[in-house]
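Counting convention: from 1, in listed order, for ligands and their atoms alike. Heads up: numbering here begins at 1 and tracks the sequence.
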Amino acid sequence: MSDAELLKREAGIAACKYVKNGMIIGLGTGSTVKHTIIEIGRMMDEEGLEITGVPTSESTRVLAESLNIPLIEISQVESLDLTIDGADEFDMDFSLIKGGGGALTREKIVANLSKSMIVVADYSKRVDILGSFKLPIEADPLQSDSVIEEINGFCPGEVKIRASGQKGTLENEPFITDNGGYIIDCEFGPSITNPADLEKTISKIKGVIEVGLFIGICDAVVLSSSSGVEILVNPNGRLN
Ligand code: 5RP
């Protein structure tokens, strides 16, 4: 395992201390939370832990099913005890950019239904100002051109439909989300000083399904670095 992968694994596993018997847990998407899900599977198998998971993507569903984690659909729950998920960036206010894996819409629905949300991340995700990572926006394919046009009006960098990049697809064939949407990646640069305002502005654009800014949702970050794992608790969050 590479050093980067080891850091992801450390953060992913450390977050499991928040997992308790009987919980309904939102299972995030990505290469860091994958380790949380694998550890939950191990705890169920070896320690008798019982939880029910709500997957935030089809890839997470496949992983959880392979570990025999019982699952229910988002539509079957009114509330979850906890969501654990990764992030592409987080700032000092615990605001996040998410959607690198294209699962932002389900991730936000599940996180918003949860009593608390914990992010698992390595130190590379910590930033002073959000925006170095291109902000992902899910959009209706039929309206993506007009969404791009509007965002181009205020985004300083490139605004582009994400390509699939998958083998067997044509070059530049769009990436399609689990919901049948496109992802539009917006190059703001580290300029997102008011993420709440930006989220509101983009959400109002016709054809936008969801914005990859998560504001006031994250309660703690389980952060790994070469000096170990640190838990940053949001002073304004629900774990405080
Ligand atoms: C998927 C996400 C992921 O949580 C985010 O991209 C972080 O992934 P990773 O842990 O692989 O860096 O938002 O939509």
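A side-chain contact (heavy atoms from CB on, under 4.5 Å) with Pro136 is found for exactly one of Val211, Thr177, Ile97, Ile184, namely Ile97.
Between the side chains of Asp93 and Ser95, not a single donor N or O lies within less than 3.5 Å of an accepting N or O. Side-chain atoms of His35 and Glu10 form no donor-acceptor pair, as typed in the model, at a separation below 3.5 Å.
With ligand atoms numbered from 1 in the order given, ligand 1 contributes 1 (C), 2 (C), 3 (C), 4 (O) to contacts under 4.0 Å with heavy atoms of Thr29. The distance from ligand 1 to the heavy atoms of Glu107 drops below 4.0 Å at these ligand atoms: 1 (C), 2 (C), 4 (O), 13 (O), 14 (O). Close contacts between ligand 1 and Gly86 involve ligand atoms 4 (O) [criterion: under 4.0 Å to a heavy atom]. Every atom of ligand 1 with a heavy atom of Gly101 under 4.0 Å away is listed here by number and element: 1 (C), 2 (C), 6 (O), 14 (O). Within ligand 1, counting atoms from 1 as listed, the ones closer than 4.0 Å to a heavy atom of Gly102 are 14 (O). Per-residue contacts place Gly99 under 4.0 angstrom from the following atoms of ligand 1 (heavy atoms of the residue considered): 2 (C), 13 (O), 14 (O). For ligand 1, the atoms lying closer than 4.0 Å to a non-hydrogen atom of Asp85 are 4 (O).
Of the charged side-chain nitrogens involved, none lies within less than 4.0 Å of a carboxylate oxygen, so that Glu210 and Lys98 do not count as a salt-bridged pair. For Glu199 and Lys108, the salt-bridge test passes: some basic side-chain N is under 4.0 Å from an acidic carboxylate O.
In terms of protein heavy atoms, atom 12 (O) of ligand 1 is closest to Lys125 NZ, 2.7 Å. Among all non-hydrogen protein atoms, the one lying nearest atom 9 (P) of ligand 1 is Ser31 OG, 3.4 Å. Distance from atom 10 (O) of ligand 1 to its nearest protein heavy atom, with residue and atom name: Thr32 OG1, 2.6 Å. Looking only at heavy atoms of the protein, atom 8 (O) of ligand 1 is closest to Gly30 CA, 4.0 Å.
Side-chain contact between Leu113 and Ile109 is present, with heavy atoms from C-beta onward closer than 4.5 Å. The shortest side-chain heavy-atom distance between Leu96 and Asp85 does not fall under the 4.5 Å cut-off.
Through chains of ILVMFWY side-chain contacts below 4.5 Å, Tyr123 is grouped with Leu7.
The shell of residues lying under 4.0 angstrom from ligand 1, judged by heavy atoms, includes Ala87. Put simply, no part of Lys34 is less than 4.0 Å from ligand 1, judged by heavy atoms.
For the side-chain contact (heavy atoms from CB on, under 4.5 Å) test, residues two or more places apart in sequence or in another chain that qualify with Glu73 are Arg61, Ser75, Gln76.
The residue Ser57 has no part lying near ligand 1, judged by heavy-atom distances below 4.0 Å. Contacts between Val120 and ligand 1, counted as non-hydrogen atom pairs separated by less than 4.0 Å, are absent for every part of the residue.
Comparing heavy-atom distances from atom 7 (C) of ligand 1 across Leu104, Val33, Ile97, Asp88 singles out Asp88 as nearest.
Following chains of ILVMFWY side-chain contacts shorter than 4.5 Å, one cannot reach Phe133 starting from Phe214, and the two form parts of different hydrophobic clusters.
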